[in-house]
Amino acid sequence: MSNAKVRVRFAPSPTGPLHMGGVRTALYNYLFAKQQGGDFILRIEDTDQTRFVAGAEDYIIESLKWCGIQPDEGQGFGGDLGPYRQSERKHLYRKYADDLIENGYAYYAFDTAEDLDRVRQMAKDAGSPNWQYNHVTRNSMKNSLNLSQSEVQKRLDAGEPYVIRIKLNRNEEVKFEDIVRGWVSVNTNNMDDKVLFKSDGMPTYHLANIVDDHLMKITHVIRGEEWLPSAPLHVLLYRYLGWEDKMPQFAHLPLLLKPDGNGKLSKRDGDRLGFPVFPLEWNNPETGDVFSGYRENGYFPEAFVNMLAFLGWNPGTEQEIFSLEQLTEAFSLQKVNKAGARYDHDKTRWFNQQYLRSKTDQELGTLFKDLLSDKGLNVSQEKAEAIAALMKERAYFIMDLYKESSFFFERPSTYDEKTTRKKWNEDAKNHVVQLKGIFSQIDEFKATKIDEAFKSYLNDNELGFGKVGPGFRLAVTGKGMGPSMFEICAILGKDETIARIDLALEKLP
RNA sequence: GGCCCCUUCGUCUAUCGGCUAGGACGCCAGGUUUUCAUCCUGGAAAGAGGAGUUCGAUUCUCCUAGGGGCUGCCA
């Protein structure tokens with residue numbers, strides 16, 4: 001398999017929105033494929049029809065697109081080895097299950113769900129919580145290993161429901177080399193005869209996965225650590241199907257953990273701790289639940305992707321800001337960590353701040369202008385750019401540009417209480433009146449000119465900035481803090497600045 | 001409970017036997033700033049515990065502890 005073109009797949013199941021852990025798995029697949037000059041494939045694993053959720057598939061596709069992780073082929077993206085939805089490949093799987101039976105690697109089992117429940121319950125009552133359908137227990141179950149040939153045929157002919165289970169040898173060591181974990185070894189005595197083919201005519205994950213990966217010429221299986229325990233089963237399936245020489249390499253990724261407490265990150269953690277766990281907002285039409293998304297919360301996809309890449313991987317250098325292209329270049333599965341990574345929301349915000357700052361004033365101005373127009377405020381590109389430039393150092397998100405600058409768009413209706421109390425007195429009033437007169441004399445109402453005029457007023461009267469500045473800011477913006485008043489006045493314009501001083505003199509005590 | 005995987009500052013991590021254990025987020029302090037934010041400087045903060053291998057272990061091995069995953073006709 002050494003010279004085969006790298007082909008990897010991301011194979012989510014459409015049982016709900018894709019959460020950020022899934023996005024990271026997709027990302028690592030993508031990065032690895034692109035770096036190796038290979039293909040990244042999207043396959044939808046919808047073999048469990050009972051868990052199907054409408055809209056989930058579209059959500060997955062839209063999420064990948066938003067992140068810039070474009071599949072080369074797969075559901076929604078075309079390709080020659082489709083269909084890429086397992087439900088549409090249903091007819092393909094049966095013959096492989098039959099092959100396995102024929103070769104003695106699998107068998108029919110007629111035990112009903114109730115039968116199995118009963119056996120498990122009995123085992124539990126007897127103090128063994130982990131009953132398994134395996135080389136010892138299968139001898140007392142209803143399957144083609146125990147039943148006579150004719151009895152089996154009779155049940156089959158009668159259309160009695162059955163499943164097909166893999167038949168594991170006893171006491172066999174199954175080993176494989178995982179790219180991130182090294183050699184992993186499990187004894188078949190600790191595994192069970194997993195169902196490969198369900199009574200509804202659908203394969204289970206285990207069978208479908210192996211068959212599809214083989215048919216789609218997958219070279220590397222990069223997936224979450226939750227699959228590690230079943231990887232030996234998959235190795236055995238490749239062997240029993242005669243495909244071991246073309247078996248893909250495995251890489252089991254560490255899980256994303258909750259920021260607090262124990263366990264893996266779950267969808268409820270977002271609401272509980274105040275951050276999104278999904279790339280895009282998800283509205284469950286049936287339950288009415290709404291889960292927030294990074295996109296809707298104002299995150300740049302580049303920041304989100306950059307953050308995810310660093311949750312479990314590190315280039316080994318001190319660089320932290322990477323574009324998708326740079327990630328593609330630097331990525332390596334060998335450098336993926338083994339231990340689970342706790343999600344850190346502060347760091348995510350920091351990444352977004354870095355990306356916001358890296359944008360030009362023009363880009364920010366455009367983004368800001370769009371946001372304002374959504375709020376029904378129409379401003380010129382020039383003004384949007386000027387405000388964005390002034391506010392960007394104190395923003396994490398585009399919406400911060402607005403939150404911190406709303407005074408540009410409406411005159412103060414209230415004045416900061418503390419500043420009013422401490423700084424607004426007869427002196428302050430006088431200064432503001434004086435400034436008004438001085439400003440009205442400025443022909444070119446630019447920040448530098450205002451600055452000059454203001455400073456010379458201070459000099460002429462032997463005043464410190466602290467005596468005049470706060471009252472001035474309060475009068476014009478209603479706030480006790482913010483960016484340079486000269487810049488603010490310049491953006492507001494002479495008339496507006498003076499009008500606001502008048503307003504303050506009228507409204508403030 | 002059984003099986004498998006994992007274990008460096010609070011968090012993400014660097015280190016592939018030589019370490020005064022580095023960086024980032026967050027935190028704290030000082031400076032810059034009329035103010036806030038930014039920015040700059042500095043600081044506190046880690047190798048789970050115990051054996052062994054070795055001239056030397058954070059790095060290798062084993063044990064213990066802790067954490068995680070799996071244990072479905074779910075993926």
Side-chain angles (χ1 to χ4, degrees), chain A residues 11-15 45-48 50-51 86 109 111-113 116-117 120 124 127-133 161-165 178 180-182 184-187 189-192 194-206 208-209 223-232 252 254-255 257 259-260 262-264 307 310-321 334-335 337-351 353 357 391-396 400 404 419 423 454 458 464-474 479-485:
Chain A
S13 142
T15 55
E45 309 228 328
D46 56 349
T47 53
D48 184 357
T50 65
R51 293 211 306 160
Q86 287 182 329
D111 317 278
T112 64
L116 294 170
D117 284 347
R120 288 198 176 97
K124 203 181 230 175
S128 125
N130 188 28
W131 183 87
Q132 296 199 308
Y133 207 115
Y162 63 88
V163 300
I164 297 174
R165 286 181 182 272
D178 188 279
V180 337
R181 280 151 215 286
V184 175
S185 173
V186 182
N187 190 293
N189 285 353
N190 295 316
M191 296 163 61
D192 60 343
K194 282 268 184 291
V195 171
L196 300 177
F197 206 85
K198 301 185 269 193
S199 58
D200 66 357
M202 276 289 206
T204 58
Y205 171 86
H206 304 293
N209 189 263
R223 74 228 301 193
E225 191 186 356
E226 68 268 28
W227 293 108
L228 196 53
S230 50
H252 288 93
L255 264 18
L257 273 19
D260 68 330
N262 303 326
K264 62 176 177 179
M307 174 279 291
F310 271 70
L311 236 37
W313 170 84
N314 185 289
T317 64
E318 290 187 351
Q319 183 183 346
E320 291 199 274
I321 301 301
Q334 278 73 23
K335 288 188 94 62
N337 291 301
K338 296 177 174 72
R342 242 176 243 282
Y343 173 73
D344 180 352
H345 194 54
D346 280 334
K347 189 87 184 210
T348 307
R349 287 168 49 80
W350 176 81
F351 271 112
Q353 182 191 39
R357 285 182 187 177
M391 309 305 293
K392 71 187 280 191
E393 289 302 316
R394 58 192 70 220
Y396 282 75
D400 292 342
E404 302 285 325
T419 311
K423 304 287 185 181
F454 189 92
L458 292 184
F465 213 128
K467 290 278 181 208
V468 190
F472 175 41
R473 176 184 299 283
L474 184 73
K479 309 244 180 228
M481 58 186 91
S484 158
M485 276 312 293

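Naming: A, B, ... by sequence-line order, numbering from 1 per chain.
- Where Val180(A) and Arg342(A) meet RNA chain B, the nucleotide closest to each residue was compared, and Val180(A) sits on the side nearer the 5' end.
- Comparing the same atom, C1', in rG52(B) and in rA57(B) gives a spacing of 12 Å after rounding to whole Å.
- Rounded to whole angstrom, the span from the CG atom of Leu311(A) across to the P atom of rC12(B) amounts to 8 Å.
- Other residues, nucleotides and ligands contribute more than 12 heavy atoms inside 6.0 Å of the NZ atom of Lys198(A).
- Among the heavy atoms of the strands lying under 4.0 Å from Met485(A) is at least one base atom, whether or not backbone atoms are also near.
- Taking atom CZ of Arg349(A) as the reference point, atom C1' of rC12(B) lies 17 Å away to the nearest angstrom.
- Atom name P, nucleotides rC62(B) and rU53(B): the rounded distance is 15 Å, in whole Å.
- Side-chain atoms of Tyr343(A) and Met307(A), non-hydrogen and from C-beta on, do get closer than 4.5 Å to each other.
- Note on ring orientation: taking the six-membered ring where Trp is involved, the planes of Phe351(A) and Phe310(A) are tilted (angle from 30° to 60°).
- Atom name P, nucleotides rG18(B) and rG1(B): the rounded distance is 39 Å, in whole Å.
- Under the side-chain contact (heavy atoms from CB on, under 4.5 Å) criterion, Asp346(A) pairs with Asp344(A), Arg349(A), sequence neighbours left out.
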Checklist entry - How does protein reach along nucleotides 24-29 of chain B, written 5' to 3' as B (base within reach of a heavy atom under 4.0 Å), S (only sugar-phosphate), or - (no contact)? => result BBS---

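- rA44(B) makes up no base pair with any nucleotide shown, lacking Watson-Crick or G-U wobble contacts both under 3.5 Å.
- Regarding Phe351(A), its CZ atom lies at a distance of 17 Å from the P atom of rU11(B), rounded to whole Å.
- Of all nucleotides present, none satisfies the Watson-Crick or G-U wobble test against rU35(B) with each distance under 3.5 Å.
- If you measure from atom CD of Glu404(A) to atom P of rU35(B), you get 17 Å, rounded to the nearest angstrom.
- As rounded to the nearest Å, rC9(B) and rA46(B) have P atoms that lie 9 Å from one another.
- Pairing partner, rC19(B): none, since no Watson-Crick or wobble contact has both distances short of 3.5 Å.
- The residue Lys423(A) sits apart from the nucleic acid: no heavy atom pair falls under 4.0 Å.
- Put simply, the residue from Arg223(A), Lys338(A), Glu226(A) that forms a side-chain hydrogen bond (donor to acceptor under 3.5 Å, both in side chains) with His252(A) is Arg223(A).
- Arg357(A) contributes no side-chain N or O that forms a donor-acceptor pair with the base of rU38(B) under 3.5 Å.
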Next on the checklist: Test salt bridge (Lys or Arg N to Asp or Glu O under 4.0 Å) on Glu225(A) and Lys264(A); report intermediate values, then the result.
Outcome noted: CA-CA 11 Å; Glu225(A) 191 186 356; Lys264(A) 62 176 177 179; over 6 Å; no

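- Within the shown strands, rC25(B) is the pairing partner of rG10(B) under the Watson-Crick or G-U definition, both distances less than 3.5 Å.
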Next on the checklist: Go through it in stages, so that I can follow the logic: the residues are Phe454(A) and Phe465(A), the test is ring-ring contact (aromatic ring centres under 6.0 Å, His included), and I'd like the CA-CA distance, side-chain angles, deciding distance and then a yes or no.
Outcome noted: CA-CA 9 Å; Phe454(A) 189 92; Phe465(A) 213 128; 5.1 Å; yes

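- Counting heavy atoms from C-beta on, the side chains of Pro232(A) and Met191(A) come closer than 4.5 Å.
- Across the P atoms, rU64(B) and rA75(B) are found 36 Å apart, a figure rounded to whole Å.
- Nucleotides rU61(B) and rG67(B) place their P atoms 23 Å apart, quoted to the nearest Å.
- Mapped onto RNA chain B by nearest heavy atom, Glu393(A) and Ala339(A) fall at different nucleotides, with Ala339(A) at the one closer to the 5' end.
- The distance from atom CE of Met391(A) to atom P of rC36(B) is 15 Å, rounded to the nearest whole Å.
- Annotation: side chain of Thr15(A) is not in contact with side chain of Asp48(A) (no heavy-atom distance under 4.5 Å).
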Checklist outcome for this item: Under a 4.0 Å heavy-atom criterion, the protein footprint on nucleotides 68-75 of chain B, written with B, S and -, is SSSBSBBB

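- Atom CG of Asn337(A) is separated from atom P of rC16(B) by 15 Å (rounded to the nearest Å).
- Taking atom P in both rU7(B) and rA48(B), the straight-line distance is 9 Å, to the nearest Å.
- Atom-to-atom, NZ of Lys124(A) to C1' of rG2(B) comes out at 14 Å; the value is rounded to the nearest Å.
- We find that NZ of Lys335(A) is positioned 8 Å from C1' of rA14(B), with the value rounded to whole Å.
- Residue Gly312(A) is in sugar-phosphate contact alone, with no base atom involved, counting any heavy-atom pair closer than 4.0 Å across all strands shown.
- Ring geometry for Trp131(A) against Tyr133(A) counts as perpendicular: the plane angle is over 60°, on a 0 to 90° scale with 30° as the lower cut.
- Contact of the Pro483(A) side chain with the Met391(A) side chain is registered, since non-hydrogen atoms from C-beta on lie closer than 4.5 Å.
- If you take atom C1' in rU8(B) and the same atom in rC4(B), they sit 24 Å apart, rounded to whole Å.
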